[in-house]
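Predicted model, so just to flag it, every value in this text is computed and none were measured.
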Amino acid sequence: MGTPEQSTADGAAASRAGRLGGLAGSCHPGPVVTVTALMAALAATAGQGGARCVLTAAAVLTGQLSVGWCNDAFDARRDIAVGRRGKPVVDGAVGVTEVWVAAYAALALCVPLSFACGLWAGAVHLAGVAAAWAYDLRLKATAWSWAPYAVGFAALPAFVALGLPGQPWPTWWVVTAGALLGVGAHLGDVLPDIRGDLATGVRGFPHRLGPDGARLLLPVPLVTASAVLALGPAGGPGRWGVAALAVAGLVAVAGTVLGRRRQRAAFAAAVAVAVVDVALLLLRGTGIA
């Protein structure tokens, strides 16, 4: 048996590990990792050097962490009130104050990292992060809830393009596709929780459409993004672009039809179309500026 001092030290270490685990879970790790990895890959395919790719990824990572922590900290009171399990703050794994401190710390790191990629690149990226914070703090429950997603997702490829040598402006089609992907991501993210959100007074754009309306609209921005990514760049869509656009359209139609009885089918189809869009974005990476 250990001494009382050892037991106390072990308990404190376990408590710290638990809080760190709760903090990691409250940042929305799935989207954080996915968006950061995607932007790092886009930076590499667009032609950024190794060191600049790391810097771009670091800026995106800190921005996404700040947004995720802000979201959980701000929603904590409502989540606790309705007993929404599965969130670290609700489950008591981490305190609200700790999550707020982490959010502001990540935001403070994001500012210099963003501007280290260039003045215009930094300004565009921080505008996207600011839009995401505005969503968390106010716009989530309004008819304009889609707008921060559109701005935030459009800003990401623009940030990558402006971080290239010479700081070239991004092409119209990559910004447009990013905005459309953002709207689709918003619809897909909210769709499973619409009924629960309505019970807590959240009435964003998808909530006003209702579950069926949001399900029917969900594939529209995603397939439109596929068309923009396939047809927008100079030189024509090419064989892969045509194939990707056809696949996206067929999957979206199938998801809409099957989603009448199974909502998960509509969501799975939207995810599949989004994957096609991401593949097209990476394939077109060299021409984003």
Should Val89 and Val101 be regarded as members of a common hydrophobic cluster, given that ILVMFWY residues are connected when their side-chain heavy atoms come within less than 4.5 Å of each other, either directly or indirectly?
no

Do Val175 and Phe159 belong to the same hydrophobic cluster, where Ile, Leu, Val, Met, Phe, Trp and Tyr are linked whenever their side-chain heavy atoms lie under 4.5 Å apart, directly or via other members?
yes

Can you list, pair by pair, the side-chain donor-acceptor contacts under 3.5 Å of residues 234-254, counting residues two or more places apart and other chains?
none

Below 3.5 Å, can you tabulate the donor-acceptor pairs from side chains in residues 272-280 to any protein atom, sequence neighbours excluded?
residue, atom, partner, partner atom, Å
Asp277, OD1, Ser226, N, 3.4
Asp277, OD1, Ser226, OG, 2.2

So do the side chains of Leu23 and Pro88 get within less than 4.5 Å of each other, counting heavy atoms only?
no

Starting from Leu281, can I reach Val228 by hopping between I/L/V/M/F/W/Y residues whose side chains sit under 4.5 Å apart?
yes

Side chain to side chain donor-acceptor pair (under 3.5 Å) pairs touching residues 32-49, sequence neighbours excluded, are Gln48-Thr56

Atom pair CG/CG of Leu113 and Leu61 - distance to nearest 0.5 Å:
9.0 Å

Honestly curious: do Val60 and Leu109 fall in one hydrophobic cluster under the side-chain, below-4.5 Å linking rule?
no

Salt bridge (Lys or Arg N to Asp or Glu O under 4.0 Å) partners of residues 53-75, not counting sequence neighbours, each pair once:
Asp72-Lys87, Asp75-Arg78, Asp75-Lys140

Return the minimal non-hydrogen interatomic distance between Phe74 and Leu137, and the atom names on each side.
CZ-O, 3.4 Å

Check for a donor-acceptor pair, side chain of His125 on one end and backbone N or O of Gly122 on the other, with a separation under 3.5 Å.
no

Applying side-chain contact (heavy atoms from CB on, under 4.5 Å), can you list everything that pairs with Ala132, at least two apart in sequence or on another chain?
Val67

Roughly how far, to the nearest 0.5 Å, is the OG1 atom of Thr224 from the CG atom of Leu180?
6.0 Å

Run through the side-chain heavy atoms of Ile, Leu, Val, Met, Phe, Trp and Tyr, join any pair under 4.5 Å, and report what else lands in Leu119's cluster.
Val111, Phe115, Leu126

Should Leu217 and Leu222 be regarded as members of a common hydrophobic cluster, given that ILVMFWY residues are connected when their side-chain heavy atoms come within less than 4.5 Å of each other, either directly or indirectly?
yes

Contacts of type ring-ring contact (aromatic ring centres under 6.0 Å, His included), residue Trp133, not counting sequence neighbours:
Tyr104

Step-by-step side chain to side chain contact (heavy atoms under 4.5 Å, CB included) determination, Ile194 to Leu191:
CA-CA 5 Å; Ile194 285 181; Leu191 182 59; 4.1 Å; yes

Can you see which heavy atom on Leu139 is nearest to which on Pro148, and at what distance?
CD1-CG, 3.6 Å

Counting only heavy atoms from other residues, nucleotides and ligands, does the tally under 6.0 Å from CH2 of Trp100 exceed 12?
yes

Would you mind writing out the side-chain donor-acceptor pairs for residues 162-174 within the sub-3.5 Å range, not counting sequence neighbours?
residue, atom, partner, partner atom, Å
Thr171, OG1, Trp173, NE1, 3.2
Thr171, OG1, Ile288, O, 3.4

Restricting to non-hydrogen atoms, name the atom on Pro219 and the atom on Arg215 that form the minimum distance, rounded to 0.1 Å.
CD-O, 3.4 Å

Residues Trp69, Val99; criterion side chain to side chain contact (heavy atoms under 4.5 Å, CB included); working and verdict:
CA-CA 6 Å; Trp69 278 323; Val99 179; 3.8 Å; yes

Pairs satisfying side chain to side chain donor-acceptor pair (under 3.5 Å), at least one member in residues 177-187, at least two apart
Ser145-His186

For Ala269 and Gly255, the nearest pair of non-hydrogen atoms, with its separation, is CB-CA, 3.4 Å

I need the minimum non-hydrogen distance between Ala76 and Val96, along with the two atoms involved.
CB-CG2, 3.7 Å

Report, as yes or no, whether the 6.0 Å neighbourhood of atom CZ on Arg208 holds more than 12 heavy atoms from other residues, nucleotides or ligands.
yes

Residues passing the side-chain hydrogen bond (donor to acceptor under 3.5 Å, both in side chains) test with Tyr135, sequence neighbours excluded, are none

Tell me, which pairs form a salt bridge (Lys or Arg N to Asp or Glu O under 4.0 Å) where one or both residues lie in residues 97-113, sequence neighbours left out?
Arg19-Glu98

Holding to ring-ring contact (aromatic ring centres under 6.0 Å, His included), I want the full list of residues that pass it with Phe153, two or more places apart in sequence or in another chain.
none

